[in-house]
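One structure is given here, and the rest of the page talks about it.
Note that the structure is predicted; figures quoted are calculated from it, not measured. First listed ligand is number 1; within each ligand, the first listed atom is number 1.
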Amino acid sequence: MANDASVVSDTRSPAVSNGSLADPFIPPADSTLWRKNFLLGAATASYQIEGAVNEDGRLPSIWDTFSATPGKVLAGDTGAVACDHYHRWEADIDMLASLGLEGYRLSIAWPRVMDAAGAPNRQGLDFYKRLLNRLKEKGITTFVTLYHWDLPQHLEDRGGWLNRDTAYRFTDYTDLMSRELAGTVDAWATLNEPWCSAYLGYGNGHHAPGLADGRFATQAMHHLLLAHGLAIPVLRANDPASQKGIVANIGRGTPNSDSAADQRAAHLFEVQHNAWILDPLLKGAYPEELFELWPGTEPLILDGDLQTISAPLDFLGINYYFRSNVASDGAHGFREVPLEGVERTQMGWEVYPDGLRDLLTGFHSTYHNLPPIYITENGMASDDKVIDGHIDDTQRISFLKRHLAAVDQAIKAGVDIRGYFLWSLMDNFEWAFGYERRFGVVHVDYSTQKRTVKRSAELVAKFLKERKAQV
Ligand code: IFM
């Protein structure tokens, strides 16, 4: 695999950086990552770690239903137990704090905190209050996502994100959460990755609720973005001191050749992955090319919707993982052409840090009102094994170092990037791939729930300790 050799030799190199022995992670002395106000944290999501799906009045979510459906999730895995974080949250927060991580991005399970009539579920709410209070006691900056894909099943039964009413139910949920949790949340994100909810959930059926129709995808996206836009003023009214934003996954598409057709294909790939979300949020309009790519899929949009959706944001969360090499499909669209001989992760995703830098600098020039950015997810899956009590996740160390270098380059090119969250704090339920794919900087043994800190987390902790000690 590309770069492995350099990573191995790096770990043994006694070169000097910042006055200390170099390690394979530490950023160079001139990196902006040494600035103490650049937030470094880790992220998780409710369904992926909590478990306890039937406890304290939690209602079923679309992911309980989907993962219980044979053939939908690898090995028939479900989030029923996951990392058992619902019971182990105190130890997990202690672990986060002991690594010196400064920020924690978590999500709230909507079906845990509200009943089907919209009344609060106090037991579920108390769980998040305890968690957030403890994080505050530890001095950890809290980023809370309201929707990371676990829609209450009773709302899906009424059409889910295809039903405009779900956007208004989301507003009620946002109102409840921001009244109850005000003061413990530093930054609220309305949605995580609406592209995945809309396209994977309603467009190709790879995610819950498992529907597959292009028209569903665009309509679901519109209602998701509407839910976001309706929620922003509610958050502003209930919790004025916090930051408000949304989290988008972004994709880099590069052309397979210099031909005009392939260049256009790469452009269309990015329209479909990025502009579909960012244009309505930041320009108040969907990109017309989207509907040239997917003719006949224009959603039903009511007067004023796009104005609601483009409400000003305090921050934009960006999740980045890989690039796709694309060529023209010979008609009006694109097709992916996987490159041979490139470095890939356990997911099969190409490792391509330049894509992160190029997308960030590109957004900076495309959107004149681009808000401050947090990288709210970045990381990789690897088949990590505990050997003599240790996990040497060499590829992840190199991956993180190179992606952080890309962030540094984007900052130096003028993009306002304020922080970075590792995906993920610990191995967890990777959606349709179940527990096989391990994204954590902490290993989880699912048979015992034992957590083991991987070498990547040790090196991040070492860097944070050094940065803190600097005058
Ligand atoms: O695990 C997911 C996360 O829930 C959303 N962003 C991508 C991650 C890795 O696939």
Side-chain angles (χ1 to χ4, degrees), residues 41-51 61-64 66-67 72-74 77-79 82-83 85 104-110 143-151 189-201 204 206-209 221 224 228 245-252 273-274 277 316-324 344-352 355-356 359 373-384 393 395-396 399-400 403 420-444 446 456:
T44 62
S46 48
Y47 191 73
Q48 295 182 269
I49 63 166
E50 285 178 4
S61 79
I62 55 174
W63 270 94
D64 296 298
F66 189 75
S67 59
K72 298 295 185 192
V73 174
L74 204 64
D77 289 343
T78 76
C83 307
H85 174 73
Y104 183 49
R105 174 173 176 248
L106 63 112
S107 79
I108 291 169
W110 187 351
F143 273 58
V144 173
T145 305
L146 285 159
Y147 184 69
H148 197 126
W149 309 351
D150 37 3
L151 186 72
T190 52
L191 309 176
N192 178 68
E193 302 183 354
W195 188 91
C196 293
S197 302
Y199 187 73
L200 303 179
N204 71 10
H206 292 180
H207 278 189
M221 177 65 88
L224 282 152
H228 155 81
I246 185 171
V247 170
N249 56 306
I250 55 165
R252 180 65 170 151
H273 283 79
N274 309 331
I277 296 98
L316 176 66
I318 289 292
N319 296 353
Y320 174 79
Y321 288 92
F322 60 94
R323 73 129 165 214
S324 300
R344 295 188 182 275
T345 71
Q346 192 192 16
M347 296 295 282
W349 295 345
E350 185 187 346
V351 178
Y352 190 69
L356 177 57
L359 286 168
I373 286 177
Y374 286 88
I375 307 302
T376 33
E377 287 181 26
N378 178 237
M380 57 159 282
S382 49
D383 185 17
D384 301 315
D393 51 342
Q395 193 192 5
R396 180 173 293 102
F399 178 103
L400 297 176
H403 283 79
Y420 173 101
F421 292 81
L422 304 157
W423 184 269
S424 174
L425 173 63
M426 56 188 147
D427 296 336
N428 58 49
F429 177 76
E430 177 51 26
W431 308 111
F433 295 95
Y435 295 101
E436 193 196 83
R437 311 291 162 94
R438 293 181 174 274
F439 273 92
V441 292
V442 173
H443 180 274
V444 176
Y446 296 109
S456 55

Exercise. In chain order, what residues pass the ring pair (Phe, Tyr, Trp, His ring centres under 6.0 Å) check against Phe429, with sequence neighbours excluded?
Worked result: Tyr47, Tyr435
For this session: Have a look at Thr376 and tell me which of Asn249, Asn192, Asn319 forms a side-chain hydrogen bond (donor to acceptor under 3.5 Å, both in side chains) with it.
Result: Asn319
Could you list, one pair per line, each nitrogen or oxygen of ligand 1 together with any protein nitrogen or oxygen closer than 3.5 Å, giving atom names and the distance rounded to 0.1 Å?
{"unit_1": "ligand 1", "atom_1": "1 (O)", "unit_2": "Gln48", "atom_2": "NE2", "d": "3.0"}
{"unit_1": "ligand 1", "atom_1": "1 (O)", "unit_2": "Trp423", "atom_2": "NE1", "d": "3.2"}
{"unit_1": "ligand 1", "atom_1": "1 (O)", "unit_2": "Glu430", "atom_2": "OE1", "d": "2.6"}
{"unit_1": "ligand 1", "atom_1": "4 (O)", "unit_2": "Gln48", "atom_2": "OE1", "d": "2.7"}
{"unit_1": "ligand 1", "atom_1": "4 (O)", "unit_2": "His148", "atom_2": "NE2", "d": "2.8"}
{"unit_1": "ligand 1", "atom_1": "4 (O)", "unit_2": "Trp431", "atom_2": "NE1", "d": "2.8"}
{"unit_1": "ligand 1", "atom_1": "6 (N)", "unit_2": "Glu193", "atom_2": "OE1", "d": "3.3"}
{"unit_1": "ligand 1", "atom_1": "6 (N)", "unit_2": "Glu193", "atom_2": "OE2", "d": "2.7"}
{"unit_1": "ligand 1", "atom_1": "6 (N)", "unit_2": "Glu377", "atom_2": "OE1", "d": "2.5"}
{"unit_1": "ligand 1", "atom_1": "10 (O)", "unit_2": "Glu430", "atom_2": "OE2", "d": "2.6"}

Exercise. Which residues pass the ring pair (Phe, Tyr, Trp, His ring centres under 6.0 Å) test with Phe143, sequence neighbours left out?
Worked result: Phe315, Tyr374, Phe421
Exercise. Looking only at atom types and distance, does a side-chain atom of Asp427 sit under 3.5 Å from a main-chain N or O of Gly440, one as donor and one as acceptor?
Worked result: yes
For this session: State plainly whether the residues Arg438 and Asp393 are in salt-bridge range, i.e. N to O under 4.0 Å.
Result: no
Seminar exercise, completed: Sorted by chain and number, sequence neighbours left out, ring pair (Phe, Tyr, Trp, His ring centres under 6.0 Å) with His273 holds for Trp195, Phe269
